[in-house]
Amino acid sequence: MSFARKFSKLLVFCAVIVVVVLLLRYWMASKTYVFSNEEVAMLAKQYAGQDHEQAFSKVVVELRKRYPGHILPDEDLQWVFVNAGGWMGSMCLLHASLTEYLLLFGTAVDTGGHSGRYWAEISDTIISGTFRQWKEGTTKSEVYYPGDTIVHEVGEATSVQWSAGTWMVEYGRGFIPSTLGFALSDTLFSTQDFVTMYYTVRVYLKALMLEAGTLLTEAGIF
């Protein structure tokens, strides 16, 4: 009897998980998004090949014009280290919600490792430097240059390598909280740089609060 109860609880738990996943998939497939891969890539390509700091400044100004209320203010913009999959880079989060994020990303040193496998589609448009990618199931890698856009599909895993001075604009769409485990994994289990973890969580929460406030304002609640 005890085994039967445990088995029935396990079935109920699995059924709940399946229902939640299906509801999330339906929600993400039917909702309206703020950004699109194509729009972000086209904007970033305008500044490809320029000094990355100047290019990033222009990208942020243009994004604020196109998407008022969806980009973090200057006082909340912060470059934060990211350690994941064996590589080390730095990101500056511009926008984040439960289903989208937009950030500036890159590295000042040569680095590489595992891409991670996400419940999200991620696209990167290169401003400067080079990005080498080795896709799962292949025996050759490809190199991408300024102006190129690389799309990392949902569930895909690759080997990634960035040369020193590679900087890009990154847009992700999917269930964004599911990406945090990988993004914080090396910080938690290897570097134990909890200050960086605090910065990461803090800026994500700030972005969520900004987006919630904007949505409530647009809905006429505030």
Hydrogens and angles aside, do [X] and [Y] bring a side-chain donor and acceptor to less than 3.5 Å of each other?
X: Q54; Y: Y47; answer: no
X: T217; Y: T214; answer: no
X: D110; Y: Q161; answer: no
X: T130; Y: S163; answer: yes
X: T149; Y: S123; answer: no
X: H70; Y: E211; answer: yes

For a quick test of reading the model, state the closest non-hydrogen atom pair linking [X] to [Y] and the distance between them.
X: G147; Y: K45; result: O-CE, 3.0 Å
X: S128; Y: P146; result: CA-CG, 3.9 Å
X: F182; Y: A84; result: O-CB, 3.2 Å
X: L208; Y: L98; result: CD2-N, 4.0 Å

Side chains of [X] and [Y]: does their closest heavy-atom pair fall under 4.5 Å?
X: E170; Y: I122; answer: yes
X: Y204; Y: S97; answer: no
X: V34; Y: Y67; answer: yes

(request) Could you point out which residue of E39, E38, E100 forms a side chain to side chain donor-acceptor pair (under 3.5 Å) with Y171? (result) E100

Short N-O contact, [X] and [Y], less than 4.0 angstrom:
X: E156; Y: K135; result: yes
X: D74; Y: R64; result: yes
X: E153; Y: R117; result: no
X: K58; Y: E62; result: no

Out of curiosity, does [Y] fall in the hydrophobic cluster containing [X] (side-chain heavy atoms, cut-off under 4.5 Å, transitive links)?
X: F81; Y: W79; result: no
X: Y145; Y: I126; result: no
X: M88; Y: V109; result: no
X: V61; Y: I71; result: no
X: V151; Y: V154; result: no

(request) Indicate, with yes or no, if the rings of Y101 and H95 have centres closer together than 6.0 Å. (result) no

(message) Taking the ring of W87 and the ring of F105, is the distance between their centroids below 6.0 Å?
(response) yes

(request) Could you pull out all residues at least two apart from R202 that satisfy side-chain contact (heavy atoms from CB on, under 4.5 Å)? (result) Q78, Y198, Y199, K206

Spacing of [atom1] belonging to [X] relative to [atom2] belonging to [Y], to within rounding of 0.5 Å:
X: L184; Y: M197; atom1: CG; atom2: CE; answer: 5.0 Å
X: W134; Y: S141; atom1: CH2; atom2: OG; answer: 8.5 Å
X: L77; Y: L103; atom1: CG; atom2: CG; answer: 11.5 Å
X: T111; Y: N83; atom1: OG1; atom2: CG; answer: 8.5 Å
X: T187; Y: F194; atom1: OG1; atom2: CZ; answer: 9.0 Å

(message) Taking CD in Q46 as the centre, count heavy atoms belonging to other residues, nucleotides or ligands within less than 6.0 Å. Is the count above 12?
(response) yes

(message) Counting only heavy atoms from other residues, nucleotides and ligands, does the tally under 6.0 Å from CZ of F189 exceed 12?
(response) no

(request) Scan for side-chain hydrogen bond (donor to acceptor under 3.5 Å, both in side chains) pairs involving residues 188-197, sequence neighbours excluded, and state none if there are none. (result) D193-T196

(request) Answer yes or no: is there a donor N or O on one side and an acceptor on the other, between the side chain of T107 and the main chain of G89, under 3.5 Å? (result) no

(request) Return yes if some donor-acceptor pair links the side-chain N/O of S57 with the main-chain N/O of E53 below 3.5 Å, else return no. (result) yes

(message) Here's a test for you: under side-chain contact (heavy atoms from CB on, under 4.5 Å), which of V40, L93, V59, L72 qualifies with L102?
(response) V40

(request) Walk me through it: do T158 and E136 pass the test side chain to side chain contact (heavy atoms under 4.5 Å, CB included)? (result) CA-CA 5 Å; T158 69; E136 183 178 27; 5.8 Å; no

(request) Answer yes or no on whether R173 is positioned over the face of F35, meaning its NZ or CZ is under 6.0 Å from the six-membered ring centre and within 45° of the axis. (result) no

(message) Walk me through whether T125 and D148 qualify under side chain to side chain contact (heavy atoms under 4.5 Å, CB included).
(response) CA-CA 6 Å; T125 301; D148 290 338; over 6 Å; no

(message) Please determine whether side chain to side chain contact (heavy atoms under 4.5 Å, CB included) holds for the pair H152 and S115, giving the CA-CA distance in whole Å, both sets of side-chain angles, and the decisive distance to 0.1 Å.
(response) CA-CA 9 Å; H152 187 91; S115 66; 3.1 Å; yes

(message) Show, in sequence, the C-alpha distance, side-chain angles and deciding distance for I127 and F56, and conclude whether the side chain to side chain contact (heavy atoms under 4.5 Å, CB included) test is met.
(response) CA-CA 9 Å; I127 299 296; F56 283 162; 3.9 Å; yes

(request) Look at the aromatic rings of W167 and H52 and report parallel, tilted or perpendicular, splitting at 30° and 60°. (result) parallel

